[in-house]
Amino acid sequence: DGTFIVLDSFPLPVEGTETRVNAGASANEFMINYREFSEQAGKRENIVGWYHSHPGYACWLSGIDVQTQTQHQTHNDPFLAIVVDPVRT
């Protein structure tokens, strides 16, 4: 029915500045390991998306965000992308 139920979230080990985040191979490796450990612990939930913030820049997907979303959604469709702005919203 297209409904997403988000039960938990986890931060990725990424480095960022005010306008840029580097979430390369280490972030993907972290997600793979997280999923494997979750399965071993008996959690049946799947990773259904990703989130990040644009503090002070409003809620929108940048060009890099669209590329990231496309990459994830190629392998996991549907895959949810959430952008929050804790300053302006």
Side-chain angles (χ1 to χ4, degrees):
D1 70 356
T3 301
F4 281 85
I5 299 173
V6 178
L7 300 174
D8 199 0
S9 65
F10 57 91
L12 293 177
V14 298
E15 295 181 19
T17 65
E18 185 176 317
T19 59
R20 197 117 169 107
V21 173
N22 182 9
S26 63
N28 290 331
E29 183 178 336
F30 182 91
M31 284 198 308
I32 290 167
N33 289 335
Y34 183 89
R35 185 174 188 163
E36 289 175 357
F37 292 140
S38 293
E39 288 175 0
Q40 290 172 5
K43 290 186 174 184
R44 297 183 302 144
E45 298 87 10
N46 292 317
I47 297 173
V48 297
W50 64 293
Y51 71 95
H52 70 288
S53 62
H54 289 173
Y57 294 98
C59 300
W60 55 282
L61 291 174
S62 69
I64 292 172
D65 295 340
V66 171
Q67 290 175 357
T68 300
Q69 178 63 18
T70 300
Q71 179 183 17
H72 285 300
Q73 199 148 343
T74 297
H75 302 289
N76 299 299
D77 190 14
F79 205 74
L80 182 65
I82 298 174
V83 178
V84 296
D85 181 349
V87 175
R88 294 179 60 182
T89 57

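Scope of the values below: all heavy atoms of this structure, side chains included, with no hydrogens, waters or symmetry mates.
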[atom1] of [X] to [atom2] of [Y]: how many Å apart, nearest 0.5 Å?
| X | Y | atom1 | atom2 | answer |
| --- | --- | --- | --- | --- |
| Thr70 | Asp77 | OG1 | CG | 10.5 Å |
| Met31 | Leu12 | CE | CG | 6.0 Å |
| Ser9 | Ile47 | OG | CD1 | 11.5 Å |
| Lys43 | Glu39 | NZ | CD | 12.0 Å |
| Arg44 | Leu7 | CZ | CG | 11.0 Å |
| Leu80 | Ile82 | CG | CD1 | 4.0 Å |

Is the shortest heavy-atom distance from the side chain of [X] to the side chain of [Y] under 4.5 Å?
| X | Y | value |
| --- | --- | --- |
| Asp65 | His52 | yes |
| Val6 | Asp8 | no |
| Ser62 | Tyr57 | no |
| His54 | Val87 | no |

(request) Can you see which heavy atom on Asp85 is nearest to which on Cys59, and at what distance? (result) N-SG, 3.5 Å

(request) Please name the pair of heavy atoms, one in Ser53 and one in Pro86, separated by the smallest distance, quoted to 0.1 Å. (result) CB-CD, 4.2 Å

(request) With Gln69 as reference, evaluate Gln71, Gln73, Gln67 under the side chain to side chain contact (heavy atoms under 4.5 Å, CB included) test and give the passing residue. (result) Gln73

(request) Please work out whether the ring planes of Phe10 and Tyr34 are parallel, tilted or perpendicular, with thresholds of 30° and 60°. (result)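 Ring orientation, 0 to 90° scale: parallel.
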
(request) Look at the rings of His72 and Trp50 and say which category their plane angle falls in: under 30° parallel, 30 to 60° tilted, over 60° perpendicular. (result) tilted

(message) With a 3.5 Å distance limit and no angle check, can you tell me whether Asn76 reaches the backbone of Phe79 through a side-chain donor-acceptor pair?
(response) no

(message) If we ignore hydrogens and angles and just use 3.5 Å, is the side chain of Asp1 paired with the main-chain N or O of Thr3 as donor and acceptor?
(response) yes

(request) Kindly work out whether a path of hydrophobic side-chain contacts (I/L/V/M/F/W/Y, heavy atoms less than 4.5 Å apart) joins Tyr51 to Val84. (result) yes

